[in-house]
Amino acid sequence: MALRNADVAAGFDEVADLLEIQGENPFRVRAYRNAARVVRDLPHDVAEMVSAGEDLTELPGIGEDLAGQIERFVKTGESEVLSRLRKKAPAGITQLLRLPSLGPKRVRTLRDRLHIRSLDELGKAVEKGRLVGLPGFGPKTAERIREALKAQAPTAGRLLLAVAAQYARPLVAYLAKAPGASRAEVAGSFRRFKETVGDLDILVCAPSGPPVMDHLARWEDVERVVARGEPRATVVLRSGLQVDVRVVPAECFGAALVYFTGSKAHNIEIRRLAQEKGLKISEYGVFRERARGRETRVAGETEESVYAALALPFIPPELRENLGEVKAAAEGRLPKRLVSREDLRGDLHCHTDATDGRASLEEMARGAEARGLSYLAITDHSPHLAVTRGLTPARLRAQRKLIEKVQRKLERTRLLAGIEVDVLEDGSLDLPAAALRELDVVVAAVHTGLRLPREKQTARILRALDDPNVDVLAHPTGRLMPEREPYDVDMERVLTRAEEAGVAVELNAHPERMDLSDAHCRMAKELGVLVAIDSDAHAPTNFDNLAFAAGQARRGWLETGDVLNTRPVAELTKLFRG
DNA sequence: GCCGTTTTCGGCCCGACTGTTTTCAGTCG
């Protein structure tokens, strides 16, 4: 059983945790953390890269030593560094780091003074009041730990982007009206359109902090204030979502926006670049060192000015992951025009109440028209998905009549007749070819047999791609966040075959799916596969999710030309026929 | 542990807040 990228990443993260608790060189710790991140975000299987003999030292932050470690890790299933560290450290001690106020130093104190090795033992020690009086532990710290242990993370997970947006938008609108505020922006992973966000980072432009913080504390959703200073505060909303608010004056706003948008890895990279140029970047601006410790400010009012000070063009937030964007910017190789929601002319995947949708065909069509979509494919389920009352060929023909009838009532949106046809376990399709040939669009999807072994799952999907009637492969990895992992499939082979067969792959905008991932979008682009950004709407409001999917596509470096449904409908039907 | 048209050794991003201090360490982002 092959080791996955996530396994390797988790191993290196644990190495970093254990080294940190030991008090190792922090830069060595950082090297392992960086390696974990790089491997986790890799679009290819690192195990396959190893067996193909690829040079892992090409990866950023991976040198001779780590490349060798990765190689042995995936071949033997074991990291010798990790095994060695685990022998010295009790299992479970890294769990302690997840608690607030506990970092490596205090965890070490707990281990050395009280021989605490697990959350359980920590809990007992806290209840007996044994923490207070240890160096670095006072009553407040002990109490915070006690509360965190009691709460044990019912809401500690990350929120889906679309869910976080429901909390972020009203709050940011409210903060923009704080006394003295001229604008407010959500930064952080939310602004980078990450598929999930852990907390909200909100930046408010105002001359003075305290009036804004008073205003914040009065927001109806605020449950408690965790920390509060002049320019910075942290609150927890009733939903459990943590919100960090930072107030900055106008001349710093750009620098603060860069800093608060992150990612952390991107910030470290641009600060390193700044150092090379004799500059220093902080959330207050870009500074040039002068004699006798004095410094002059050279940029900061806008994000553009910060990047310009580094001789870089503006880097869109969605690209700021330190996955090559800084180098690409320096060399003028950034994507010219990343795709946006406004570029999407149509949608090729939605459902109606004929199967599991919650709205009629006419309501769906009007919903699409109201949102400016110039075409919409009606793609209900096929018979195999019995729970949805999937369409038989006869019902499919009847739906065709209904489409023609509704079409006559529409002014600006062209309806396409389609189907989301099930890919059966042997890779054949759930409807006869004759029925599929009559349709404008055939979207193929796996809904059952999710646990097939990798080889069978891959072969099954490849066979479906070879069917000449298939136009789009829907939600290609089948994941549902947070509970269902993607099925085990070789995406590189799937995407390669999709390119050969002229089939587009879907980026499904359902908030729990967001399937393709950003890394797979980038892989699709490299392999020359068109991506269809589809809503999979089951109700008219679901069309609004397209904006989040467009954000994910930008994270995958996709430009307008890389996306199938940026094309006008005439061009599209030509592509399908061909 | 990584990395290099100023370096193969000596650096490695930067600042705020809290709680613990009695001038600052640890944590966090």
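Sequence lines set the chain letters: A, B, ... in the order given, protein chains first and strands last, and positions in each chain run from 1. Quantities reported herein were computed from a predicted structural model and do not represent experimental measurements.
Taking the ring axis of F287(A) as reference, the NZ or CZ atom of R271(A) does not stay both within 45° of it and closer than 6.0 Å to the ring centre.
Listed by residue number, there are no residues of residues 301-325 of chain A with a heavy-atom contact under 4.0 Å to DNA chain B. Of the residues in residues 221-228 of chain A, those placing a heavy atom less than 4.0 Å from an atom of DNA chain B are A227(A), R228(A), in numerical order.
When only modelled atom types and interatomic distance are considered, E342(A) and S340(A) share a side-chain donor-acceptor pair under 3.5 Å.
The existence of a salt bridge linking R86(A) and E14(A) is confirmed by a sub-4.0 Å separation between a basic side-chain nitrogen and an acidic carboxylate oxygen.
Spacing between atom CZ of R28(A) and atom P of dC9(B) amounts to 20 Å, rounded to whole angstrom units. Computed from coordinates, the L66(A) CG to dC3(B) C1' distance equals 13 Å when rounded to whole Å.
Residue contacts shown for N267(A) are absent, as no nucleic acid heavy atom lies under 4.0 Å away. Here P26(A) lies out of heavy-atom contact (under 4.0 Å) with every strand. Looking at heavy-atom distances under 4.0 Å, R30(A) makes contact with a base.
Ring planes of F314(A) and Y307(A): perpendicular class, angle over 60° (limits at 30 and 60°).
Nearest-nucleotide positions on DNA chain B place L59(A) closer to the 5' end than the other of L59(A) and A142(A). Each of E230(A) and N25(A) lies near DNA chain B, and the nucleotide nearest N25(A) is the one positioned closer to the 5' end.
Here, dG10(B) and dT6(B) have their C1' atoms 14 Å apart, quoted to the whole Å. dG11(B) and dT21(B): their P atoms are spaced 33 Å apart (whole Å).
Here the CD1-CZ distance, from I93(A) to R111(A), works out to 5.5 Å after rounding to the nearest 0.5 Å.
Shown here, dT8(B) forms no base pair; nothing in the strands shown gives a Watson-Crick or G-U wobble contact with both key distances under 3.5 Å.
Close to dG11(B), at under 4.0 Å from its OP1 or OP2, lies no side-chain N or O of Q275(A).
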**Asked** In the 5'-to-3' direction, what one-character label does each nucleotide of nucleotides 21-29 of chain B receive under the scheme B = base within less than 4.0 Å of a protein heavy atom, S = sugar-phosphate only, - = no such atom?
**Response** -----SSSB
